[in-house]
Amino acid sequence: MYFDGAAHRDGAGAGVVFYTPEADVLPYSFTLTRRCSNNVAKYQALILGLETAVDMKQLHLRVYGDSKLVVNQLLGIYDVKKPEFIPYYKYARRLMGYLDSVTIEHIPRNFNQQTDSLARVASMITLPSHRNQISICQN
């Protein structure tokens with residue numbers, strides 16, 4: 001699984017790509033509903049990918065990301081110093097615990113172009129503001 005997040009002043013997005021042992025490619029792109037930092041977008045992309053892997057019952061997972069900060073925090077090489085990263089870090093670690101084996105590795109950005117593109121496109125999609133959203137309720 002490859003992951004990446006992108007954020008800019010108008011929005012944020014996440015990209016996740018799974019490569020199966022059978023050589024199938026499963027790309028996912030998510031528009032994030034709140035503005036956030038680039039590193040938070042990367043954490044959210046990782047979490048969305050891990051949640052998808054858990055839902056697909058993929059118990060053995062290799063994870064690749066170009067965020068040195070996120071990868072090294074999860075590997076225990078870097079401390080999680082910023083308070084806003086702590087909930088994302090803890091949740092990602094919890095999701096990793098649901099899988100039998102997870103390896104995570106930092107890769108150069110040019111090896112992560114597909115997920116970077118998915119994340120950037122998703123970050124450009126402007127969602128309507130809260131007051132323009134329509135609520136749907138079912139009883």
Side-chain angles (χ1 to χ4, degrees):
M1 176 191 95
Y2 291 75
F3 73 94
D4 200 6
H8 54 85
R9 65 179 178 87
D10 295 328
V16 177
V17 178
F18 289 93
Y19 292 92
T20 69
E22 296 79 22
D24 295 319
V25 179
L26 307 170
Y28 294 89
S29 185
F30 305 90
T31 298
L32 304 177
T33 58
R34 294 186 184 179
R35 285 190 214 154
C36 59
S37 71
N38 207 42
N39 286 321
V40 167
K42 290 175 185 296
Y43 257 115
Q44 289 188 15
L46 169 67
I47 286 168
L48 288 163
L50 290 171
E51 286 177 334
T52 303
V54 169
D55 287 345
M56 291 190 307
K57 309 232 183 308
Q58 294 302 309
L59 300 178
H60 304 283
L61 191 64
R62 291 182 192 157
V63 179
Y64 303 96
D66 62 24
S67 171
K68 198 171 208 174
L69 177 76
V70 171
V71 170
N72 285 333
Q73 284 178 341
L74 287 165
L75 291 173
I77 297 168
Y78 294 173
D79 291 331
V80 183
K81 293 180 181 177
K82 290 194 175 189
E84 64 265 24
F85 295 159
I86 293 171
Y88 298 104
Y89 168 82
K90 286 182 177 180
Y91 186 51
R93 294 296 304 171
R94 191 169 96 203
L95 288 168
M96 290 169 69
Y98 294 144
L99 305 168
D100 286 347
S101 69
V102 178
T103 59
I104 185 163
E105 185 179 327
H106 177 259
I107 57 171
R109 189 172 186 189
N110 62 329
F111 287 9
N112 209 21
Q113 290 178 344
Q114 188 173 17
T115 54
D116 180 61
S117 297
L118 290 169
R120 273 195 276 145
V121 167
S123 74
M124 293 177 199
I125 298 171
T126 305
L127 295 175
S129 68
H130 175 67
R131 59 192 132 94
N132 293 336
Q133 291 180 355
I134 299 170
S135 296
I136 299 172
C137 300
Q138 288 182 328
N139 291 330

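Please read all numbers here as calculations on a predicted model, not as lab measurements.
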Chemist: Among all residues two or more places apart in sequence or in another chain, which pass the side chain to side chain contact (heavy atoms under 4.5 Å, CB included) test with Q113?
Modeler: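 Here the qualifying residues are N110.
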Chemist: With sequence neighbours excluded, give me every salt bridge (charged side-chain N to carboxylate O under 4.0 Å, His left out) pair touching residues 70-80.
Modeler: none
Chemist: Say whether V54 and V16 are linked into one hydrophobic cluster, either directly or through other cluster members, by side-chain heavy-atom distances under 4.5 angstrom.
Modeler: yes
Chemist: Ignoring hydrogens, what is the shortest heavy-atom contact between N38 and A6? Give both atom names and the distance.
Modeler: OD1-CA, 3.4 Å
Chemist: To the nearest 0.5 Å, what is the distance between CG (L61) and CG (L99)?
Modeler: 6.0 Å
Chemist: Not counting sequence neighbours, which residues clear side chain to side chain donor-acceptor pair (under 3.5 Å) with Y43? List them please.
Modeler: Q73
Chemist: With ILVMFWY side chains joined below 4.5 Å, transitively, what does V121's cluster contain besides itself?
Modeler: none
Chemist: Under the side chain to side chain contact (heavy atoms under 4.5 Å, CB included) rule, collect the residues that match up with Y19, sequence neighbours excluded.
Modeler: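 Listed in chain order: Y2, V17, V25, Q114.
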Chemist: Can you list everything that forms a side chain to side chain contact (heavy atoms under 4.5 Å, CB included) with A92? Sequence neighbours excluded, please.
Modeler: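 Side chain to side chain contact (heavy atoms under 4.5 Å, CB included) list for A92, sorted by chain: L46, I47, L50, L74.
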Chemist: Under the side chain to side chain contact (heavy atoms under 4.5 Å, CB included) test, which residues partner K82, sequence neighbours left out?
Modeler: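 So K82 forms a side chain to side chain contact (heavy atoms under 4.5 Å, CB included) with E84, F85.
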Chemist: For S101, enumerate each residue passing the side chain to side chain donor-acceptor pair (under 3.5 Å) test, keeping only those at least two apart in sequence or located in another chain.
Modeler: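 By the side chain to side chain donor-acceptor pair (under 3.5 Å) rule, S101 matches H60.
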Chemist: If you take all heavy atoms of L48 and A14, which pair is closest and at what distance?
Modeler: CD1-CB, 4.0 Å
Chemist: Sequence neighbours excluded, which residues qualify as side chain to side chain donor-acceptor pair (under 3.5 Å) partners of T115?
Modeler: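 Partners of T115 by the side chain to side chain donor-acceptor pair (under 3.5 Å) criterion, ordered by chain and then number, come out as N112.
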Chemist: Output yes when a side-chain donor or acceptor of H8 lies under 3.5 Å from a complementary backbone atom of S123, and no otherwise.
Modeler: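 Indeed, once roles are kept as given, a pair shorter than 3.5 Å links the two residues.
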Chemist: For C36 and A7, which heavy atoms make the closest approach, and how far apart are they?
Modeler: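 Of all heavy-atom pairs spanning C36 and A7, the closest is O-CB, 3.2 Å.
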Chemist: Tell me every residue that passes ring-ring contact (aromatic ring centres under 6.0 Å, His included) with Y89, counting only those two or more places apart in sequence or in another chain.
Modeler: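 Here no residue qualifies.
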Chemist: Let me check something: do Y64 and L59 share a hydrophobic cluster, defined by ILVMFWY side-chain heavy atoms less than 4.5 Å apart, either directly or through other members?
Modeler: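 In one cluster: no.
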Chemist: May I ask you to test the F18-M56 pair for a side-chain heavy-atom distance under 4.5 Å?
Modeler: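 Sidechains of M56 and F18: in contact.
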Chemist: Show the nearest heavy-atom pair for residues S29 and L118, with the distance to one decimal.
Modeler: OG-O, 3.0 Å
Chemist: Any pair with a residue in residues 50-67 that passes salt bridge (charged side-chain N to carboxylate O under 4.0 Å, His left out), sequence neighbours left out, goes on the list, sorted by first then second residue, please.
Modeler: K42-D66
Chemist: Please report the interatomic distance CD1(I104) to CZ(F3), rounded to the nearest 0.5 Å.
Modeler: 5.0 Å
Chemist: Mind jotting down which residue pairs meet the salt bridge (charged side-chain N to carboxylate O under 4.0 Å, His left out) criterion with at least one end in residues 98-119? Sequence neighbours excluded, please.
Modeler: R109-D116, D116-R120
